[in-house]
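This report refers to the structure that appears directly beneath it.
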Amino acid sequence: MTAEPVIVINGVSRLYPVSSGSFAALSDIELTIAAGEFSGLVGPSGSGKTTLLNLIGSLDAPTSGEIIVLGQKVQELDARGAARLRRDQLGFIFQTYNLLPVYTVFENVEFPLLLLQMERQKRRDAVMDILERVGLADRAGSRPAQLSGGECQRVAIARAMVKHPSLVLADEPTANLDADNSHRILQTMLTLNRDLGTTFLFATHDDKVIQYLRRVIVLFDGRIAQDEVRDETAVSAGTPGGYF
Amino acid sequence: MILKLALRNLWGAGVRTWLNAIVLSLSFFTIIWSQGVYHGMQVDATRNMIAMELGGGQYRHPDWDPYDPLTLPEAHGAIPAPLQKLIVADKAVALLLAQGTIYPDGRPQAVLLKGIAPEQQILELPPIAPAAQPGQIPVMIGREMSESLELGVGELLTLRWRDHTGAFDAREFLITTVFSSSVPTIDRGHIWLRLADLQVMLSAPGIATLVVVSPEMTGTQLETDWVFRSQDYLLADLRAMVRSKSAGAAIMYALLLFLALIAVFDTQVLSLFRRRREMGTLMALGLTRGALIRLFTLEGALHGVLAGLLALVYGWPIVYWTAVTGFALPQASQDFQFAIGDRLYPVYTLELVLVTTLLVLVTVTIVSYLPTRRISHLNPVDALRGRRS
């Protein structure tokens, strides 16, 4: 049985104006991501990974083509509709964690639930549950400045996951972490993917991440150069694959 | 939710928030305190002037123009019957005004002679004590007049005046009473005599220049050819003077408020610059631009609320203490030309506090909103990278 597609991308291009005309960050992208995938957009810097992730996350709009995320055409959403999609269905994990510095760990993780106007006790239970999962329940009262990089990224994962989104978009989540922390973070995300069935889509050029991916979509110069579904043996062996 | 987030952000900003709130609270306190002082001046001066000079209004001889001293020799006549009835009923008092000249240190000085019935109860003036020696005419002067003339009780004063027919006359008078008053217009340049004495001096018995009615008669107007001047009319100059002094002071506190608002504006601009990545994150998490504008505006506006609370904490005891005990005024305050006493009691009204609070909150909200309008052009991708759109 084929899983429902979470993301459908048809002929998407993204052009940026430059002095000599326009620069194509993405050209004619065709892609479908099914529910429950643990996949990644892989490629060198400037290949268009983050641009594609932003388009999928409705943070940006394509110049042409069609992006359907969870049944909604992103390019047709107005600012309010796009914000609603992000608020209700999407989780974001950033390279630089992007935690709110004046909030505690608990408050950072609680934030998406506040936007959903969830009632207080449910919020508290959900936050503590996800903090347990990422192993930070004992740091709930700490502020981001008091945490290590690995801990900050685990808070960011908890924040992305707390509302049980259908899709998590992770942009270079391990770029600022050492090997140990990277593996711990990826194990956490893999467990959440397995336990909750959340779809994960990474943008990365980090071998440590690539070796965990079940599907690797290689981007080069704004085009999909390779799209490989890896077998469990390769994933278990932790082989990076040497894609670029 | 926005309020909750704004409060968290405000609290989390720590020292920056407190510095803004302290500066703003100082303006808050200064505005309320200084306006309370001016209001206190007006209340005090009004009360004193009503009690000692104006009563519930005045009926003036039609020929008398208080701004033209040349009208004085002609500006008196028989008291109209309706007013005479009030005087008999102890609801009014007649005053006779005339010009005179005294000679302190041999130099002539114009004075206003005021005749008043010594037993009257309408104005809070002390009775003119009788002279010890028969044949002497007792007079009363104010403390300020006494100090400027360097003359006190028991000393003689040479006075020249013109009687009803225009003939000059002069004699020595005995100062029997020196009274304290906070109303300069009944003290400086004034010599008070018994009404009967002044009428004799002017060779015109039964005449007066004006009749002051008691405060309880405020609002009542009698049919007479004498010109009625209401309490409001008589207090208009005082109120205008207080307004002008109050407006002068307003420049100072407007300046202070302006500085405080600049601090808030600066904080907002700095926030928009420094917290660009945070804004991008909030948008990625699902906050709309409108909500983001509301959040940042509210954060700024809450500085005003915090300032109000701070001002309440340290300002209320000061305000309460000064309102109850008052504070001594320096000698120079006599130059204010206000009928205020030696101690001033500021008066803080609910209206003053509410209007000031509203003023501070509205201006802080506007100042907070102005920089946040830029958010409406914010691109979330650029914001996440910490770049300007």
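What you see below is based on every heavy atom in this structure, not just the backbone, and it leaves out hydrogens, waters and symmetry mates. Here is the naming used below: chain letters follow the sequence lines, and residue numbers restart at 1 for every chain.
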Looking at A:Pro101 and B:Glu278, what are the two nearest heavy atoms and their distance?
-> CD-OE1, 4.2 Å

Closest heavy-atom pair, A:Ala83 versus B:Thr288, reported as atoms and distance to 0.1 Å, is CB-CG2, 3.6 Å

Is the shortest heavy-atom distance from the side chain of B:Arg277 to the side chain of A:Thr96 under 4.5 Å?
-> yes

Within a strict 4.5 Å, meaning less than it, do heavy atoms of the B:Val381 and A:Thr51 side chains meet?
-> no

May I ask you to list the residues in residues 119-144 of chain A that approach chain B closer than 4.5 angstrom, counting heavy atoms only, ordered by number?
-> A:Arg120, A:Arg123

Proximity of residues 75-82 of chain A to chain B, residues having a non-hydrogen atom under 4.5 angstrom = A:Ala79, A:Arg80

Could you please spell out the steps behind the side-chain contact (heavy atoms from CB on, under 4.5 Å) verdict for B:Thr281 and A:Phe92?
-> CA-CA 9 Å; B:Thr281 307; A:Phe92 285 88; over 6 Å; no

Structural part of B:Leu5 lying under 4.5 Å from a heavy atom of chain A = both

Non-neighbouring partners of B:Phe258 that pass ring pair (Phe, Tyr, Trp, His ring centres under 6.0 Å), sequence neighbours left out | none

Under 4.5 Å, counting heavy-atom pairs only, tell me which of A:Leu99, A:Thr50, A:Asn98 racks up the most with chain B.
-> A:Asn98

Quick one: CG on A:Asp171 to CG on B:Leu384, what's the gap to the nearest 0.5 Å?
-> 9.0 Å

What's the spacing between A:Arg87 CZ and B:Leu285 CG if we round to 0.5 Å?
-> 12.0 Å

How far apart are the C-alpha atoms of B:Leu282 and A:Leu100, what are their side-chain angles, what is the distance that settles it, and do they pass the side-chain contact (heavy atoms from CB on, under 4.5 Å) test?
-> CA-CA 9 Å; B:Leu282 294 174; A:Leu100 303 172; 3.9 Å; yes

Below 4.5 Å from any heavy atom of chain B, which atoms of A:Gln95 appear? Answer side chain, backbone, both or neither.
-> neither

Given a strict heavy-atom distance threshold of 4.5 Å, which part of A:Gln89 is in contact with chain B: side chain, backbone, both, or neither?
-> neither

Does atom OH of B:Tyr369 have more than 12 heavy-atom neighbours, drawn from other residues, nucleotides or ligands, at distances under 6.0 Å?
-> no

Should we say atom OH of B:Tyr314 is surrounded by more than 12 heavy atoms from elsewhere, each under 6.0 Å from it?
-> yes

Between B:Arg8 and A:Tyr103, is there a donor-acceptor pair closer than 3.5 Å when you use the side chain of the first and the backbone of the second?
-> no

Part of residues 347-356 of chain B lying next to chain A, heavy-atom separation under 4.5 Å | none

